[in-house]
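Within every chain, numbering begins at 1; the chains are lettered A, B, ... in the order of the sequence lines, protein sequences first and strands thereafter.
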Amino acid sequence: MAEKHDHVVSPRLYVSVLTALMLLLALTLVAAFVDLDKLLHGGYWNMSLAIVIAIFKAILIILFFMHVKYASRVTWAFASAAFVWLAILLTLTFADYGTRPTPAESPVPSHRLTP
Amino acid sequence: MSEHLVTETSPHPVEHQFEDRYQQKEASTLGMWTFLATEVLFFGALFVSYTLYRHQYPDAFRQGSLELKWYLGGINTAVLLLSSFCMAMAVHAASVGSNSGIIRYLILTIAVAAIFLGIKATEYYIEYREQLVPALNFSLAPPPEQQLGALTASFGRFDRWLATRLHAEPLPDGPRSPNEKLFMLFYFVMTAIHATHMIIGIAIMLVLIWMARRGKFSREYHNPVECFGLYWHFVDIVWVFLFPALYLLRNP
Amino acid sequence: MSNAFRIFPEQASRNAWNVDALFLFEFLVSCFFVFLIAGLVLYFSLKYRRRSDDDVPAYTPTSTLLELTYIFIPASLMVIMFFWGGWIYIRNKRPPANAMQINVVGKQWMWKLQHPEGPREINTLHVPVGRPIKLVLTSQDVIHDFGIPDFRIKQDVIPGIYVTEWFEATRTGEFHLFCNQYCGDLHSRMIGSVIVMQPAAYQSWLEGRTADEPAAVSGSRLFQSYGCATCHGQRAPSLAGLYMSLVKLNDGTTTIADEQYLRESIVAPANKLVAGFGPIMPTYQGQLSEEQIFDLIEYIKSLGAAMDNTIPGASAAGPQTRPSTQPVNGYHPDLLLNQPPAREPPGSNQSPLQQDRRP
Amino acid sequence: MSSIPYIPAEFDPPARATYLNAGHTIRSWLLTKDHKRIGILYMVTITLMFMVAAVAAAMIRINLLSPAGLLREPTIYNRAFTLHGIVMVWWFLVPSIPTTLGNFLIPMMIGARDLAFPRLNLASWYLFTISAVMILAVLIFGGVDTGWTFYTPYSSLFANTHVTLTVAAIFVNGFSSIFTGLNFIVTIHKMRAPGLTWFRLPLFCWAMYATSVIFVLATPVLAITLVLLAVERILRIGIFDPALGGDPILFQHLFWFYSHPVVYIQILPTFGVASEIITNMARKRPFGYKAIAFSSLAIMLIGFLVWGHHMFDAGISPYSGLVFSILSFAVAIPTAVKIFSWTFTLYKGSVALETPMLYMVGFMGLFTIGGLTGVMLATLGLDVHMHDTYFVVAHFHYVMVGGAVMGYLGGVHYWWPKITGKMYSEFWGKIAAGIGFIGFNLTFFPQYIMGYLGMPRRYFAYPPEFQVYHVLSTAGASILAIGYFMPLVYLLYSLKYGRDAGPNPWRSMSLEWQTPSPPPTENFEKTPVISQPPYAYDLQSPMGAPAPVVST
Ligand code: HEA
Ligand code: HEA
Ligand code: CUA
Ligand SMILES: [Cu+2]
């Protein structure tokens with residue numbers, strides 16, 4: 001089970017990761033000042049893009065700075081488990097808020113509710 | 001009982017419950033990851049609440065976001081990414097067994113982290129002057145410019161200048177919306193908890209530096225540096241999400 | 001409500017029978033499994049009891065078939081329970097259209113109930129038998145819970161939100177009304193009774209309560225005294241025909257002007273601005289009690305309610321769609337044009353109750 | 001002849017070094033890093049905390065003898081049940097099995113010398129003790145009256161009791177839990193003896209593993225929720241306060257995201273104990289080892305998806321109500337697998353009805369009742385009627401007291417000889433188990449009836465027609481109190497006067513018994529090497545060797 005060697009990552013890789021992170025940061029800033037929602041005629045484009053970039057940054061940090069790329073399966077499992085659980089919390093909470101009959105749709109007479 | 005860390009003379013200090021240093025190392029790494037998993041949910045619950053309210057009060061949250069100095073947040077993101085890099089280098093130094101490298105890079109990390117905290121403190125100060133701190137002085141009417149003090153006022157002017165240069169939406173005049181308070185509350189709670197993590201991190205780094213100076217670490221034994229590195233990178237990741245969530249809500 | 005010893009509650013509403021039937025079903029299922037497991041455990045431990053300290057039983061292989069059996073049988077029973085229970089639950093969430101509405105405000109530690117015809121009661125609720133009653137509930141302070149065990153209904157009452165609950169009593173008498181959510185020192189004193197009467201008796205009870213003016217009338221007085229009238233009709237949208245109409249909002253969405261929306265418009269007007277208007281309406285948060293807000297809402301309702309035909313989008317949408325995301329095509333033309341609307345004669349000559357009951 | 005391990009007591013060398021005689025000073029206990037001693041420290045602490053909460057239970061029961069309430073004021077009653085719930089949950093039942101038996105047994109069951117992080121383990125106990133002192137301070141300053149659920153906005157803006165300090169205590173307590181869970185996870189992953197594959201792990205370790213995952217992943221959410229609550233309370237601004245745009249139901253979501261999984265923290269360890277005791281007392285391999293092992297994980301996982309069943313009446317969307325309901329039903333399936341597996345483990349076994357086994361028989365029956373009523377509560381239409389009535393109170397006491405506490409007591413009896421080296425009196429043990437069983441049912445069964453009749457929870461006074469049931473319940477509690485008091489006496493008595501138990505009085509196959517009782521500080525003289533599946537009572541071992549599981 002125990003891998004009997006230590007993995008050493010070269011500093012060159014760290015420099016390139018840092019560069020990539022900085023570029024992504026720049027991209028985040030640029031994206032924030034372009035109204036994508038207007039450009040693409042839809043909601044949430046800006047927000048989604050910002051989140052996606054943040055996820056990319058996080059993945060870079062996790063894989064290289066935190067050495068998960070070279071780590072055992074157990075580490076992979078633990079690193080992802082936390083996010084899976086966060087997704088549970090998020091999904092089921094919003095499953096409630098997202099399907100609430102509008103602030104109070106409840107007072108609407110029921111003949112309006114049943115098609 | 002040979003419970004304690006074996007003294008410096010011993011090249012491979014292994015605590016008595018472990019069979020060998022690999023087991024020890026894997027255990028501490030896994031322990032750190034488990035701890036980070038709890039941290040993910042710790043911050044995660046905050047993000048969930050934040051997202052909910054942001055969804056409920058999009059306008060107020062956007063206005064609140066416009067009150068923040070996004071460029072300071074941006075600089076801070078860069079600073080923090082840099083500190084993460086320094087930390088990675090410190091771990092690298094540890095893995096090649098260089099105590100002096102550990103010390104050098106940890107000091108660098110601390111310095112960069114201090115810059116981050118300094119900028120953060122400046123931001124807090126500006127927000128205080130702008131009467132944005134809930135429970136302390138949040139007011140629906142932004143204070144007039146002459147009451148702001150030189151620093152805050154010049155940041156305000158810079159803001160407007162930048163907004164025109166970038167053709168970005170400036171902070172609207174007129175009263176703040178009541179739910180902006182909720183935004184500011186989240187902003188302060190989240191950034192303060194994040195900053196607390198950094199301060200704890202700096203304290204631990206000081207201990208690590210002290211240990212490195214006593215030559216505790218070697219190519220074979222440097223778990224503490226490595227595990228701390230994980231923690232520090234995690235704190236960085238949190239900020240990577242905080243920054244766009246709090247500072248960049250520019251579009252409806 | 002009788003103080004006699006019972007082991008099973010009275011069935012005093014339509015819903016009670018539904019709930020009890022399901023309860024009985026699950027009770028029998030539970031009995032079966034409890035006796036099965038207890039029986040097997042006792043039987044095995046006596047039959048195979050250890051006779052000598054050196055006994056070593058032989059290995060018995062695991063039977064996958066048996067395992068599947070005790071997965072499959074409970075699972076299928078629970079599927080039945082799920083659909084049955086879900087049906088009752090959803091049914092409980094949907095008051096019939098012809099229900100009589102009563103507004104309820106919970107506060108530490110009393111219930112204030114308001115009949116549309118006027119009578120206001122504290123901790124006692126008079127209702128006619130055989131008629132669906134819809135309660136619109138809110139709380140002035142903390143979370144309470146309005147529960148009537150003999151009707152098998154219960155609903156948390158949440159500050160800042162209107163929730164509903166409905167029942168149809170099938171039997172006259174007096175029944176317990178409990179606050180079921182812990183709400184502070186006198187939580188256990190936040191109790192009362194529901195008095196179910198024959199319709200005729202109810203009518204005469206109503207008539208004996210002339211001292212209370214109808215909510216809409218109090219509301220109209222508040223409308224004057226709080227200065228609503230100074231804006232509404234001139235600088236602000238007219239409120240006639242607003243109730244249950246689709247309102248177009250500043251941010252481009254639409255919403256149904258239900259009770260919740262009206263309440264929000266009064267206590268937090270800035271949250272949802274009517275299209276074409278600025279945030280000039282002051283908030284009345286903290287200045288009006290929840291009952292006064294109910295009065296104002298009853299008044300606004302008495303100014304006429306929009307009916308189905310004005311909301312083409314809504315009826316087709318089905319229950320799951322949030323109206324605010326629906327295409328905008330049914331809102332009040334008056335509001336869109338931002339002009340004083342051509343009023344239909346205000347409902348002052350009609351009783352608000354009749355308004356409410358319009359098919 | 002006999003294939004099962006058996007070492008007569010007299011073979012035990014008398015002047016052996018054990019973890020107990022490794023030091024007699026107070027310091028040697030308070031600074032110990034030995035998982036066994038820390039387990040004992042915990043046992044003492046949680047027993048004291050149980051007594052605090054039990055006195056509160058006695059106050060509750062005495063008050064409810066009369067419809068008007070016998071305590072002077074409702075405020076006293078409200079503080080009593082709040083304290084009872086809070087202390088029972090966070091200072092007794094959540095830590096009960098994990099920190100005592102778990103601490104003691106996990107390293108021994110996996111053939112390790114200690115947990116992975118002994119210092120962290122000690123730190124957990126200190127955090128726990130500090131938090132216990134904090135909650136006792138709350139009690140001394142005048143208590144707290146929010147109910148153990150802290151629903152906002154009552155707890156944040158209305159209650160004028162010591163909510164903030166309580167919340168701080170739970171926060172500290174939470175970190176103690178997190179560290180314990182972390183320690184167990186790492187230990188089970190990394191410290192297993194050679195040959196001890198995952199499927200040779202004792203089922204207790206599987207259960208503790210699942211429990212630890214909950215500790216680690218659920219507790220932080222509670223921690224941050226309580227921080228937000230404290231912020232709201234101290235600063236008087238609303239994260240959950242509707243008057244300021246906040247949402248009180250969000251609090252409930254976050255709270256139950258932790259607090260539903262926490263009920264499985266309470267019951268999973270008992271499931272683990274049951275798997276050990278039942279296999280040993282029947283001298284059989286479990287009926288479906290893998291099914292039991294994986295059902296622990298399944299319960300843990302599904303347990304995270306069902307929290308909304310506490311909120312069916314709270315104003316959540318009916319559609320998410322449906323989702324939470326079906327998920328709650330789903331959790332009953334792995335539980336059913338466990339119950340039936342234990343039942344069929346007894347089939348053609350050699351069943352000894354010793355005290356631990358009596359507790360397990362009681363546990364299986366009572367937990368099944370509690371679980372099935374839980375399923376009733378998970379049924380949407382029924383919960384609307386039964387929510388926040390004594391039906392719920394009865395449900396959770398059946399699973400927590402009839403299930404988890406019985407499991408804890410059974411486990412303590414079963415491993416008592418290992419922990420102390422002494423045998424308690426079987427005679428008194430059986431009597432106490434019987435009294436406890438009778439008292440328990442008399443206390444809580446009437447609560448089901450009055451719950452369905454509509455008797456609300458957390459009522460200081462109540463309409464007189466419920467009095468009969470309350471009187472029965474109080475009578476039952478008095479009997480139950482005896483059932484709890486007796487073990488305290490005869491177990492302590494056995495410390496001094498009990499006969500030596502010998503290393504393996506139950507003639508178990510599992511690893512922790514293959515070393516002297518009480519064990520030496522290092523647990524095993526040599527790191528054992530495992531070459532057999534667990535619970536292989538039926539496997540013939542050469543000459544009935546003392547430790548067939550271990551080959552070196
Ligand atoms: C140890 C603690 C524990 C455990 C294990 C459980 C187990 C379960 N609980 Fe319980 N519960 C609590 C502790 C616990 N609960 C507490 C403390 C509260 C109150 C909180 C408060 O408000 O203060 C509560 C409240 C509670 C509620 C909310 C009630 C309300 O407030 O309105 C609900 C609703 O769904 C519920 C459901 C369940 C279910 C479905 C299970 C299931 O896991 C049970 C599964 C087990 C079985 C089903 C038995 C074995 C199976 C068989 C024999 C097979 C046959 C089965 C069928 C055919 C169904 N519980
Ligand atoms: C681990 C969990 C645990 C345990 C072990 C217990 C154990 C007991 N509980 Fe507890 N209980 C809870 C967890 C637990 N409870 C929780 C979470 C709540 C919800 C709180 C809330 O609503 O916020 C609750 C609430 C609760 C209520 C409901 C209060 C209300 O809603 O108004 C009642 C009422 O009977 C009760 C009774 C008991 C009894 C009789 C015992 C018995 O098992 C205890 C046995 C001990 C004794 C009886 C005391 C010791 C004996 C003496 C001091 C001698 C004298 C005794 C008498 C004369 C009676 N509990
Ligand atoms: Cu109101 Cu309890
Ligand atoms: Cu639950």
Proximal component of [X], with respect to chain D [non-hydrogen, under 4.5 Å]:
X         : value
Ile158(C) : side chain
Ile90(C)  : side chain
Gln181(C) : both
Cys31(C)  : neither
Ala58(C)  : backbone
Arg189(C) : side chain
Asp141(C) : both
Ile148(C) : neither

Roughly how far apart are [X] [atom1] and [Y] [atom2], rounded to 0.5 Å?
X         : Y         : atom1 : atom2 : answer
Leu380(D) : Lys93(C)  : CG    : NZ    : 9.0 Å
Tyr347(D) : Leu66(C)  : OH    : CG    : 10.0 Å
Thr60(C)  : Leu346(D) : OG1   : CG    : 10.5 Å
His176(C) : Tyr462(D) : NE2   : OH    : 12.5 Å
Leu22(C)  : His385(D) : CG    : NE2   : 11.5 Å
Asp145(D) : His187(C) : CG    : NE2   : 11.5 Å

Residue among [options] with most heavy-atom pairs under 4.5 Å to chain D:
options                                   : result
Met190(C), Glu165(C), Gln108(C), Arg51(C) : Gln108(C)
Pro61(C), Gly184(C), Ser63(C), Cys183(C)  : Gly184(C)
Ala268(C), Pro9(C), Ala16(C)              : Pro9(C)

Please report the closest heavy-atom contact between [X] and [Y], naming both atoms and the distance.
X         : Y         : value
Pro242(D) : Gly160(C) : CB-CA, 4.2 Å
Ala75(C)  : Ile333(D) : CB-CD1, 3.6 Å
Leu453(D) : Phe8(C)   : CD2-C, 3.4 Å
Pro57(C)  : Ala282(D) : CG-O, 3.6 Å
Met376(D) : Ser30(C)  : CE-OG, 3.5 Å
Val384(D) : Lys154(C) : O-CB, 3.0 Å

Looking at [X] and [Y], would you say the former's side chain and the latter's main chain have a donor-acceptor pair under 3.5 Å?
X        : Y         : result
Glu67(C) : Gly288(D) : no
Tyr89(C) : Phe312(D) : yes
Arg50(C) : Ser350(D) : yes

* **Donor-acceptor pair between Gln155(C) and His387(D) side chains, under 3.5 angstrom** =>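 Absent: no donor and acceptor within the cut-off.
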* Worked check of side chain to side chain contact (heavy atoms under 4.5 Å, CB included) between Ile191(C) and Tyr459(D) -> CA-CA 11 Å; Ile191(C) 61 179; Tyr459(D) 262 31; 3.3 Å; yes
* Could you tell me how the ring of Phe287(D) sits relative to the ring of Tyr70(C): parallel (under 30°), tilted (30 to 60°) or perpendicular (over 60°)? =>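 Tilted, since the angle between the ring planes falls between 30° and 60°.
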Whether over 12 other heavy atoms sit under 6.0 Å from [X] [atom1]:
X         : atom1 : result
Phe294(D) : CZ    : yes
Phe27(C)  : CZ    : no
Tyr43(C)  : OH    : no
Ile7(C)   : CD1   : no
Phe83(C)  : CZ    : no
Phe25(C)  : CZ    : yes

Using a 4.5 angstrom heavy-atom cutoff, name the option from [options] with the most pairs to chain C.
options                                    : answer
Leu353(D), Thr389(D), Ile326(D), Thr75(D)  : Ile326(D)
Trp342(D), Tyr77(D), Tyr154(D)             : Tyr154(D)
Gly349(D), Ser341(D), Gly315(D), Pro334(D) : Gly349(D)

* Could you walk me through whether Leu40(C) and Phe344(D) pass the side chain to side chain contact (heavy atoms under 4.5 Å, CB included) check? -> CA-CA 8 Å; Leu40(C) 284 178; Phe344(D) 289 112; 4.1 Å; yes
With a 4.5 angstrom heavy-atom cut-off, is it the side chain or the backbone of [X] that approaches chain C, or both, or neither?
X         : result
Phe81(D)  : side chain
Gln252(D) : side chain
Ala159(D) : neither
Phe466(D) : side chain
Phe158(D) : side chain
Thr345(D) : neither
Pro248(D) : side chain
Val375(D) : both
Ile339(D) : side chain

* Can you name the salt bridge (Lys or Arg N to Asp or Glu O under 4.0 Å) partners of Asp20(C), sequence neighbours left out? -> Arg152(C)
* Asked: What do the steps show when you test Leu157(D) against Val142(C) for side chain to side chain contact (heavy atoms under 4.5 Å, CB included), and what is the final call?
  -> CA-CA 9 Å; Leu157(D) 300 171; Val142(C) 302; over 6 Å; no
* Asked: Are Asp53(C) and Arg507(D) close enough for a salt bridge, meaning some N to O gap below 4.0 Å?
  ->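 Here Asp53(C) pairs with Arg507(D) in a salt bridge, since their nearest N and O are under 4.0 Å apart.
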* **Thr379(D) and Phe23(C): CA distance, side-chain angles, deciding distance, side chain to side chain contact (heavy atoms under 4.5 Å, CB included) verdict** => CA-CA 9 Å; Thr379(D) 314; Phe23(C) 177 76; over 6 Å; no
* Asked: Are Tyr151(D) and Tyr182(C) close enough that their ring centers fall under 6.0 Å?
  ->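 When the ring centroids of Tyr151(D) and Tyr182(C) are compared, they turn out to be at least 6.0 Å apart.
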* To do: Would you list the pairs meeting salt bridge (charged side-chain N to carboxylate O under 4.0 Å, His left out) in which at least one residue belongs to residues 455-464 of chain D, sequence neighbours left out?
  => Asp388(D)-Arg457(D)
